[in-house]
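Okay, handing you the structure first.
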Protein chains: 2
Amino acid sequence: MAATIQDVAKAAGVSVGTVSRAMNNYPDISARTRERILKVAEELKYRPNLVAKSLSSKHSKDIALILSGFLEDVMFNDFETMLMKGCYQFAFEHGLDISMYVINSRTQEEKSYGQLCYEHNIAGGIIFGIKSTDPYFTSLADSQNPCVTIDVEVSGKNVSSVTNDHMAAFDELTQYLIDQGHRRIALVCGRKNATVTAQRMDGAMRALERNGLRPPGDSVIYTNFLKEEATEGVTGFLKTHREEGVTAFLCMSDMLAIGTVEALKKAGARVPEDYSVVGYDGLYVTEYTDPRLTTVDQNIKDKGYEAAHLLFDMIEGRRSAQRLILPHKLEIRDSVKRLEI
Amino acid sequence: MAATIQDVAKAAGVSVGTVSRAMNNYPDISARTRERILKVAEELKYRPNLVAKSLSSKHSKDIALILSGFLEDVMFNDFETMLMKGCYQFAFEHGLDISMYVINSRTQEEKSYGQLCYEHNIAGGIIFGIKSTDPYFTSLADSQNPCVTIDVEVSGKNVSSVTNDHMAAFDELTQYLIDQGHRRIALVCGRKNATVTAQRMDGAMRALERNGLRPPGDSVIYTNFLKEEATEGVTGFLKTHREEGVTAFLCMSDMLAIGTVEALKKAGARVPEDYSVVGYDGLYVTEYTDPRLTTVDQNIKDKGYEAAHLLFDMIEGRRSAQRLILPHKLEIRDSVKRLEI
DNA sequence: CACACTTACAAAAACGTTTTCGTAAATCTA
DNA sequence: TAGATTTACGAAAACGTTTTTGTAAGTGTG
């Protein structure tokens, strides 16, 4: 069917090794021969079989985007999409081959990261969505293949991470709420053992303390980052804590903020007139909610792009493992009311 | 590093061919030997190298999800994500390897679908986003590799398509608007030469005619499916057509509907009090807009799932090329006002 | 017990590349 | 111009599997 390297060799009257050298711009070949071979290859519409190439050559340049939990949760929709766009953008610009794999906690047990790379002849991967209880969380450190984790820090000499300064960002977000006159703030939290949860919690505490405000105490609603849990939690909270004068909800993700707004509306309250709500992530959807959500934009697409960039440089030996911290941006929109006191 | 089939063979005291037979549940091997080999493989944590497997064996079972224009437009976000989820869901359930490739009109010229499959040793692909002007649109028909297109019909004995009955769905949506008392309806159209545009247009016309209503005439706003174009188009429309008594906007996609709502709000009108708006697609985001959008849910995730299902069956020779039409569902929410006349 | 047939495996070819090694021919050096 | 070096290429090994072919041993048949 399709032309192989042998066909080209035969047509050009040279050996396959010479064709290979011509195609890959190797030395050890005369300019005249190269051109002749290239012309023949063009005529035969020759395309190297990447599988054979991959098997034969020691070093692959292919990278993978490895998503854990992609099929489980419906909520990080935009997050993962933006991440993909960033990764594919970089790969596209640099002519890299990138493939996406979906894993979960169970498949992590069955197959290690190293095995995944070996099986598919992948140089390295960008890993998103692993929890601290996942097998990968610890095993990544031993891997020969470089990798870049998103928002999770794993030690290991071949492991980089790309993240934001979640503490500073959440501090900023909390400060904004305080600047707008809010004094009693409830916290809608993400998964308790998630790295990002702890970081954001620290940021909130730092801002509250700096302003001489009490920590939220029992005004904390814990969730597993699911919108519905926020709705449920906030609904319960309103029933039991109505007297405490909370005026704002500080949410650890946009989806939690959306769930919070839902609960507030359901309880007959208006946002932001009765309660202010802020989110975190900068999801696409926050532009279209009612009201438009004030949030911190993580610039997720850039995160994907930079993760791919860093991974590529690690593979090529140009950069060593590192922690890359990307800038964030407070997006002020319509979900916070300014309180005059 | 990792154990190869030779290591297993040596450790078990058999030839590599025998190990291969044991691993793949082939006949021509005694139960006793198979068990022994399997145990040794287990001990050595042997995992076959998929690249070598792919190169060696004639028939691959790997499928690809091929997205055209994924990096260009920011708008079909949810659409593509849901499609992915469906495809990966099926692949996951059936232990298939699936990889995602991003192409565009230019790369389609450089490399045919057949070449893409050949290079990556892919059995077949699910193709989304190609336009009727794209090289793939015609060349797909010649390909040896089976494929499934989404929402686009390409003839060819190895080409299936998965779609909805867009005409019936749009008819239904239009009828709903009419049932709610709307008589003067403006149409916000998608890309003129897109298959889906024509189908939806036909549906709208059929419903209008059946009810003895005039076709929209010059109350048609053309776009390329971009939200901003809808906003712009509707803003212009309001200036020139205010007297004509249009009460509703029938949009060919959810993003167009969102753009339309934006234009209406900007012009000081309320939705649905002053104007009703309906969308089409059933994107995730329509649950969160203000007001929540009445739309037709295409069930995009199912589309991905069924496309993967069909492709897999075609590869295995269980199903032949066909046109699969999936059900849709009218989602009535808050963006349409009932007019009493 | 001689013959055909089956079973269970080893050996080797094949997949399409890259890469190593070896070597004539061309070029340089003194 | 003889020797050393470089250039340009062919031949063949290697990558890790699957698949084909061949065959010794075992099993059945009359």
Side-chain angles (χ1 to χ4, degrees), chain A residues 1-38 40-41 44-62 97 114-123, chain B residues 1-38 40-41 44-62 97 114-123:
Chain A
M1 194 62 247
T4 73
I5 201 171
Q6 344 260 359
D7 299 330
V8 178
K10 201 174 295 175
V14 295
S15 73
V16 291
T18 306
V19 176
S20 178
R21 281 187 286 262
M23 298 300 296
N24 296 291
N25 270 322
Y26 282 151
D28 247 30
I29 185 172
S30 73
R32 219 163 50 86
T33 313
R34 166 179 295 127
E35 297 224 351
R36 187 161 45 90
I37 292 175
L38 256 35
V40 171
L44 293 179
K45 287 181 185 302
Y46 166 68
R47 286 258 163 196
N49 181 316
L50 298 185
V51 173
K53 199 165 181 161
S54 180
L55 177 62
S56 171
S57 86
K58 305 284 161 290
H59 37 272
S60 144
K61 282 190 181 178
D62 299 349
D97 229 28
Q115 282 171 328
L116 181 82
C117 290
Y118 173 73
E119 281 185 358
H120 293 92
N121 212 286
I122 280 164
Chain B
M1 192 66 246
T4 73
I5 201 171
Q6 343 259 0
D7 299 330
V8 178
K10 200 175 293 174
V14 295
S15 74
V16 292
T18 306
V19 176
S20 177
R21 280 188 289 264
M23 298 300 296
N24 296 291
N25 270 322
Y26 282 152
D28 246 32
I29 185 171
S30 73
R32 218 161 51 88
T33 313
R34 166 180 294 129
E35 296 223 351
R36 188 159 47 89
I37 293 174
L38 256 37
V40 170
L44 293 179
K45 287 181 184 303
Y46 166 68
R47 287 258 162 197
N49 181 316
L50 298 185
V51 173
K53 199 166 181 159
S54 180
L55 178 61
S56 171
S57 86
K58 305 285 161 290
H59 37 272
S60 145
K61 282 189 182 180
D62 299 348
D97 229 29
Q115 282 170 328
L116 182 81
C117 290
Y118 173 73
E119 281 184 358
H120 293 93
N121 213 285
I122 280 164

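Each chain gets a letter, A, B and so on, in the order the sequences are listed, and its residues count up from 1.
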Exercise for the section: Take the protein atom CG of B:L55 and the nucleotide atom C1' of D:dT19, then report the distance between them rounded to whole Å. Expected result: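 Spelled out: CG on B:L55 to C1' on D:dT19 is 13 Å.
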Problem - Shortest side-chain distance from A:S56, nucleotide among D:dT17, D:dT19, C:dG16 - result: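 The nucleotide sitting nearest to the side chain is C:dG16.
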Handout entry: Between P of D:dC15 and CG of B:L50, the distance in whole Å
Key =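 Those two atoms, CG and P, are 18 Å apart.
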Problem - Heavy-atom pair of closest approach, residues A:P27 and A:R21 - result: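 Heavy atoms only, the tightest pair is O-CD, 3.9 Å.
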Practice task
Nearest-nucleotide wise, let me know which of A:P48 and B:R34 is further upstream toward the 5' end of DNA chain C.
Solution key: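 Closer to the 5' end of DNA chain C: B:R34.
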Practice task
Take the protein atom CD of A:Q115 and the nucleotide atom P of D:dG16, then report the distance between them rounded to whole Å.
Solution key: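 Spelled out: CD on A:Q115 to P on D:dG16 is 15 Å.
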Handout entry: Rounded distance in Å - CD1 (B:I37) to P (D:dT18)
Key =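 Distance check: B:I37 CD1 to D:dT18 P gives 12 Å.
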Exercise for the section: Might you point out which heavy atoms bring B:I29 and B:A22 nearest each other, and give the distance in Å? Expected result: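 Scanning both residues, the minimum pair turns out to be CD1-CB, 3.7 Å.
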Exercise for the section: Using whole Å, report how far CD of B:Q6 lies from C1' of D:dA13. Expected result: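 Rounded to the whole Å, the gap is 14 Å.
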Problem - Spacing between B:Y118 atom OH and C:dC15 atom P, to the nearest angstrom - result: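 Distance, rounded to whole Å: 10 Å.
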Practice task
Would you please confirm or rule out a distance under 4.0 Å between OP1 or OP2 of D:dT19 and any side-chain N or O of B:Y26?
Solution key: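 Yes, because at least one side-chain N or O of B:Y26 sits under 4.0 Å from OP1 or OP2 of D:dT19.
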Exercise for the section: Give a yes/no answer on whether the side chain of B:T33 brings an N or O atom under 4.0 Å of OP1 or OP2 in C:dC9. Expected result: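 It does, given that an N or O in the side chain of B:T33 lies less than 4.0 Å from OP1 or OP2 of C:dC9.
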Exercise for the section: Using a heavy-atom cut-off of under 4.0 Å over every strand shown, decide if B:R47 touches base, sugar-phosphate, or nothing. Expected result: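 It contacts sugar-phosphate atoms only.
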Practice task
Determine the minimum heavy-atom distance between B:R47 and A:Y118, stating which atoms define it.
Solution key: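 Closest approach of B:R47 to A:Y118, heavy atoms only: O-CE2, 3.9 Å.
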Handout entry: Beyond-backbone contact of A:V19 with A:Q6, side-chain heavy atoms, under 4.5 angstrom
Key =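 Not in contact.
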Practice task
Just do the side-chain contact (heavy atoms from CB on, under 4.5 Å) check on B:K10 and B:D7 with the steps written out, would you?
Solution key: CA-CA 5 Å; B:K10 200 175 293 174; B:D7 299 330; 5.5 Å; no
Practice task
Return no unless some side-chain N or O of B:Y46 is found under 4.0 Å from OP1 or OP2 of D:dT17.
Solution key: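 Result: yes.
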Handout entry: Any side-chain heavy-atom pair of A:T4 and A:N49 under 4.5 Å
Key =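 Counting from C-beta outward, A:T4 and A:N49 never come under 4.5 Å.
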Practice task
Name the nucleic acid region contacted by B:V14, choosing base, sugar-phosphate or nothing; use a 4.0 angstrom heavy-atom cut-off, strictly under.
Solution key: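 B:V14: backbone/sugar contact only, no base atoms under 4.0 Å.
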Handout entry: Within residues 15-23 of chain B: residues closer than 4.0 Å to DNA chain D (heavy atoms)
Key =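 Heavy-atom contacts with DNA chain D come from B:G17, B:S20, B:R21.
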Problem - Atom-pair distance (CZ on A:R32; C1' on D:dA8), nearest Å - result: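 Distance, rounded to whole Å: 11 Å.
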Practice task
List the atom of A:L44, the atom of A:A11, and the distance in Å for their closest heavy-atom pair.
Solution key: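 Taking every non-hydrogen atom into account, CD1-CB, 4.0 Å.
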Exercise for the section: Remember a base hit wins even if backbone is also touched, and classify A:N49 as base, sugar-phosphate or nothing at under 4.0 Å, heavy atoms. Expected result: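 Touches sugar-phosphate only.
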Practice task
Taking only the side-chain nitrogens and oxygens of A:N24, find out if one of them lies under 4.0 Å from OP1 or OP2 of C:dT18.
Solution key: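 So the side chain of A:N24 is within the cut-off, an N or O lying under 4.0 Å from OP1 or OP2 of C:dT18.
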Practice task
Specify the residue among A:S30 and B:T4 whose closest nucleotide of DNA chain D lies further upstream toward the 5′ end.
Solution key: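 Looking at the nearest nucleotide for each, A:S30 comes out on the 5' side.
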Practice task
Could you tell me the separation between the CD1 atom of A:I29 and the P atom of C:dA26, rounded to a whole number of Å?
Solution key: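 Value for this atom pair: 17 Å.
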Problem - Non-hydrogen atoms of B:A9 and B:S15 that approach each other most closely - result: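 Looks like CB-C, 3.8 Å.
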